[in-house]
Every structure is written in structure tokens, then in C-alpha cells.
Amino acid sequence: MTFRLYDTATREVRDFVPLEEGKAGIYVCGLTVQSEPHVGHVRSAVNFDVLRRWLTHTGHDVTFIRNVTDIDDKILTKSAEQGRPWFNLAYAMHAELTRALASINVLAPTYEPGATGHVPEMLQMIETLIANGHAYAAEDGSGDVYFDVRSWPAYGELTGQKVDDMEPAGDADPRGKRDPRDFALWKGWKQDSEPATAAWPSPYGPGRPGWHIECSAMAGKYLGPAFDIHGGGVDLRFPHHENEQAQSRAAGHAFASYWMHNAWITTAGEKMSKSLGNSLLVPKVLERVRGIELRFYMVSAHYRSHVEFSFEALDEAAVGFRRIETFLDRAGAGEVGAVPAEFVAAMDDDLGTPAAVAVIFDTVREGNRAEDPAPHAAAVRAMLGVLGLDPADPAWGAGSSDDAALTAVVDALVAGLLEQRAEARADKDYARADVIRDQIKAAGIVVEDTPAGPKWSLSDAR
RNA sequence: GGUGGGUUGGCCGAGAGGCGAGGCAACGGACUGCAAAUCCGUGUACACGGGUUCAAAUCCCGUACCCACCUCCA
């Protein structure tokens, strides 16, 4: 059984053959840290986190690089609007991102490079491109350096487009470009409108890096000129990924063997944007469901499928996940076992998480039916673990010592009431028994009778 | 104009020529003092119109609608 994945470049599902047996190098385009992350942003992170966990599970030594773009036009514009230094905005939003990803158990990457820390690497690559005849310094004295699209015949290969068919950007400022489709590798400093802190020295004059070059330079630095998988959101296919590939290959790098792109989460059929995105900021969503439930919601859909976000669907997913948790609770804290073959088959087929989740539910049902649920619970935990959804994973911040202490206190208080209720029930005085149960319920605690005796839990599962 | 993707039952969401993924909801039954949890059962779903085939949600042709991207937009 081999892992197969959909390669955007070839538009087909292909066997995954790493460059080096037993290893996998992955580069994922992270975020431009210009504002708080919303659920659309973190879906990408969850999808690639699942990829990483699956490759790790199947015995690969994974090097996972996810960048942050910490300098760009939007960061400069927004920070100016907010009257604070651009680096402060980027740093603060980066911290928000880290917090959001941790709350849904996305593993920290092997390394998370930022553009501002890799200016020399980028300049080096630009120099190579100029030497190879694929880039040129603008002749208008702007200090910009452009990639020469016409000099690279393969340009457009990733997205199957021909340069001549492309819509010339109406709003593009031709400035010193030879072709309107040429893109910036280096952007000259605009003294009148941009802070001096956003300019770095270069052979072309002070300036800052273009967007695409950072990924080419950083992928090259940390993964080498050739690596296995490059990922990101669908919107990045063009121009970003197309440009990355063109410049890297023009600089002599083989670059990525496979390209993976995750689809959007939309709201009301529309792409998320800051205007309607407010209610979908990650902390906001986490007021409604737990991080593990949000992650489950995202994993329940295939990474290449559009997801129409709705709180109703999110709630529904949370209910479904609690069914799994209830089973695990009932089965007791067992061991983590092996993953069933059907689960492996589902995951090997281009990360078929929906089918994988179906296997989890099937296993839960079998476990609920079985005399001894332990082996089933062990399998369920193994599967959840691979998906980053094991409720027992300490990453979910399960129970602080305060929580534990509080639980013991409540347990003692409820125990007395439950005893009275047990007496009433023994006397068949059900009216009194129900009054006691309602009393407890009024305090926000639900009592359920199980074969092992009454059990209490907070009525709000959160 | 170019490129790519989509339309599945009350809802979410898989599948990609033959056996109704899975979840949520609903209804019936079992269990329960009643509940809860759990189990068992119940559905003539594949945008529309043609076609190919013994067999189409799945392939082909056409139509409608939706979405993304086309040089600095996540």
C-alpha cells in the first residue's frame, strides 16, 4: 500500500515517491501576518498538519517548513493606518497565529522562517537570476528588479496557462517592466511613503523583497534545491506558486516534486474577507466549540473540497465528535493500538479523511456493541491520534490542576445528593429522585444512570 | 477572453460504471422507574436535457447556475 496524492501540477493522483527513501521535505506557504487568523486560514494549516502526521505515521522522517510573510504591502498599509510600526503589527499577528494554531493542535513546524530574516538568501538568488538572463533591474531607476517572464518558456506550466492568453493586469503599473506580466523580485524603497525600517541594502539600492522570492529562497535554504511537496491554498497557485517555480527553476533548482493545494472555507458562498470575517476569527469560533471540535469539523471534509462554513454544520460536527468521546470515556483510558487497514487505505488515497472518519465511527459502533470495548477504543485512539484529534493528547491542555481540584470538590458535593437519590430510587419514590436530579441539573450538572452507577458531567460539554 | 473546480437525500459530507460511505436530524423498536447513553430498524439522493452501456450519481454531448485564479489577493 503506497501513499497516493493529488498533484496539482499534473492534475492526477500519483504515487508518492520521496526523493530520498524514508524522508519527506515539505514546504507550506503560511500566512502574511497582517491580521488575526480566521477559520479559512487555519484550515490550510490543519490540512497540511494531517499530511505531515500521516507521513510521519507511515515511517517518514519529515522536515516541515512553513513560512510567515512578515513584510509586504498590506502589512505596511495596515500598520500605517493603525499608527504603529509595521514590525510590531507583524510580530503581534504572528503571535496570534501561533496561538490559534496551537488551539487546534497543529504541530509546530520543523522551522518557521520569516521573509525579513532571509534577505541575503533572496538577494543571492536574484543575483543568480540576473546572471542567467532571467531577471533585470528596472530601467526607470525605481530600484525594482523583475523576473523576465518571456525569458522562461516554461512559464505557466504549473497552472496550464499561456502567457499570451493571460489577462493583462489592468491596474498593474508597468513602471520599468519589459512585459506587464513580469513580476517583482525586489522592490525599491519608496522614500516618501515607506518607513526606512522597511528597506534593506542591496546592489540595486535600498528596498524590500518581492512576495514570491522569499519562498523560493527559504525552501532552497532549508529543504535544498529539490524537495518533495509544496503546499498552500488554491488561491496561491497563480501567481504565487507559478512564480516561485519559475524563478527557482530558472535559478537552477528542480524545486518541488508534488504540489498540493487546499480548497476554501467560504461563508454565504463567498470567500472570507475581513469585512465579513470578523465573526469567524478563530478565538470567536472557539467561544462556541472546543478546538478539538473545530479541528474535527475541518478534518471531516476532504482537503480539496470547498467547505461552506456554518455554525449549524460546526455544531453538528461537534455533536458527532462527542459521540466518539463518549465511547472513549465509557471504554476507559486504554492504550493506543494499531490503525485498521480500512483507515490506512482511506488515508493513503490522497488523505481521504472523510472516509477515515467513517472508519472511526464504524469502529465506535463495533466497540459499543462489543463485550470488551478496549481493543476498539485502542484503535479509535490510534486513528484520532493520526488526525491530531486524540482527546487525551496533552496538547488540548486537558485539565489544569485547578480543574482537577474543582472536579474533586464537585464530586464530593454531588456524591451526597446522588446517595439521597439512590435511596429514593430504592424506595421507588421516583418523584423525589427526579426532584434531586433536577436540583443538580439546575446547577448545570447532568446525571446519567449507567450500569456502573450514576455518573455526572457538566451539562455544557465545553 | 484564458485556466481550474463545483451542483449528491431535511442538513453536513464521501464516492467516481453494477452492491445505498459516514455523521447530524427525524420516525419506529430494544434497554431504562422515567431519562441519558447505547444497540437494532426505517430513505426509491445524485442540477437539467439527450446519448453510450446488459447496467450511469459515476462515461460522452449539450444547457443552466455557482465558485476560484489570471502578477503582488489567504
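Lettering follows sequence order; numbering is per chain, from 1. Quick caveat, the model's predicted, so the values are computed rather than measured.
Atoms CD and CZ, on E36(A) and R99(A) in that order, are 10.0 Å from each other to the nearest 0.5 Å.
Residue contacts for K74(A): at a heavy-atom cut-off of 4.0 Å it reaches the sugar-phosphate backbone alone, with no base atom in range. Contacts of S44(A) with the nucleic acid, taken as non-hydrogen atoms under 4.0 Å apart, are absent. Across all strands shown, Y155(A) has heavy atoms under 4.0 Å from base atoms, whether or not it also approaches the sugar-phosphate. Using a 4.0 Å heavy-atom criterion, one finds that E242(A) contacts no nucleic acid atom at all. Residue H212(A) is out of contact with every strand shown, counting any heavy-atom pair closer than 4.0 Å. Nucleic acid contact for I360(A): none, since no nucleic acid atom lies under 4.0 Å from a heavy atom of the residue. Residue G233(A) is out of contact with every strand shown, counting any heavy-atom pair closer than 4.0 Å. Within the 4.0 angstrom heavy-atom criterion, base atoms lie near F238(A).
Using C1' as the reference atom, rG15(B) and rG50(B) are 25 Å apart when rounded to the nearest Å. For the P atoms, the distance from rA36(B) to rC31(B) is 15 Å, rounded to whole Å. Taking the C1' atom of each, rG49(B) and rU71(B) are spaced 41 Å apart, rounded to whole Å. Comparing rU3(B) with rC54(B), their P atoms are spaced 35 Å from each other, to the whole Å. Comparing rU58(B) with rA45(B), their C1' atoms sit 14 Å apart, to the nearest whole Å. If you take atom C1' in rG17(B) and the same atom in rG51(B), they sit 15 Å apart, rounded to whole Å. On the P atoms, rA56(B) is 33 Å away from rC24(B), given to the nearest whole Å. rC67(B) and rA25(B) have their C1' atoms separated by 28 Å, with the value rounded to a whole Å.
With hydrogens and angles left out, the side-chain atoms of W54(A) and D348(A) include a donor and acceptor closer than 3.5 Å.
Between C29(A) and N67(A), some side-chain heavy-atom pair lies under the 4.5 Å cut-off. Counting heavy atoms from C-beta on, the side chains of L328(A) and P391(A) come closer than 4.5 Å.
Side-chain atoms of K187(A) and base atoms of rC72(B) include a donor and an acceptor less than 3.5 Å apart.
Comparing F183(A) and E312(A), the nucleotide of RNA chain B nearest to each residue sits closer to the 5' end for E312(A). Residue whose closest nucleotide on RNA chain B sits further toward the 5' end, between R369(A) and P354(A): P354(A).
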Under 4.0 Å protein heavy-atom contact, by nucleotide of nucleotides 25-35 of chain B - B base, S sugar-phosphate only: --------BBB
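Residue R330(A) contributes atom CZ, which lies 8 Å from atom C1' of rA37(B) at whole-angstrom precision. R304(A) has its CZ atom 8 Å from the P atom of rG15(B), to the nearest Å. We find that CG of D235(A) is positioned 14 Å from C1' of rG5(B), with the value rounded to whole Å. We find that CD of E214(A) is positioned 11 Å from C1' of rC72(B), with the value rounded to whole Å. For the pair D315(A) CG and rC12(B) C1', the computed distance is 12 Å after rounding to whole Å. In this entry the distance linking CZ of F309(A) with P of rG13(B) reads 12 Å, nearest Å. In this structure, H306(A) atom NE2 and rG4(B) atom P are separated by 15 Å, rounded to whole Å. For I265(A) and rC12(B), the CD1 to P distance is 15 Å, given to the nearest whole Å.
Side-chain N/O atoms of S300(A) include none lying less than 4.0 angstrom from OP1 or OP2 on rG23(B). Between N368(A) and rC39(B) there is a side-chain N or O to OP1 or OP2 distance below 4.0 Å. R323(A) has a side-chain polar atom (N or O) that falls below the 4.0 Å cut-off from OP1 or OP2 of rU38(B). Contact check, R11(A) against rG4(B): a side-chain N or O comes under 4.0 Å of OP1 or OP2.
Ring geometry for W259(A) against H241(A) counts as tilted: the plane angle lies between 30° and 60°, on a 0 to 90° scale. Between F147(A) and F183(A), the ring planes are parallel. Angles under 30° get that label, and only those over 60° would be called perpendicular.
Closest to the side chain of R365(A), out of rG13(B), rC70(B), rC40(B), is rC40(B). Side-chain proximity of D362(A) to rG22(B), rC39(B), rC73(B): nearest is rG22(B).
Remark: aromatic rings of H230(A) and Y258(A) are distant, center separation not under 6.0 Å. For W152(A) and H134(A), the distance between ring centers is under 6.0 angstrom. Annotation: F309(A) is in aromatic contact with Y297(A) [ring centroid separation under 6.0 Å].
Pairing of rG28(B), defined by two Watson-Crick or G-U wobble distances under 3.5 Å, is identified with rC40(B). When Watson-Crick and G-U wobble pairs are counted only if both distances are under 3.5 Å, rC73(B) pairs with no nucleotide at all. When both pairing distances are held under 3.5 Å, rU63(B) makes a Watson-Crick or G-U pair with rA47(B). When both distances must be under 3.5 Å, the Watson-Crick or G-U wobble mate of rG22(B) is rC12(B).
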Q161(A)/T159(A) under side-chain hydrogen bond (donor to acceptor under 3.5 Å, both in side chains): CA gap, chis, key distance, verdict: CA-CA 6 Å; Q161(A) 302 184 91; T159(A) 49; 3.0 Å; yes
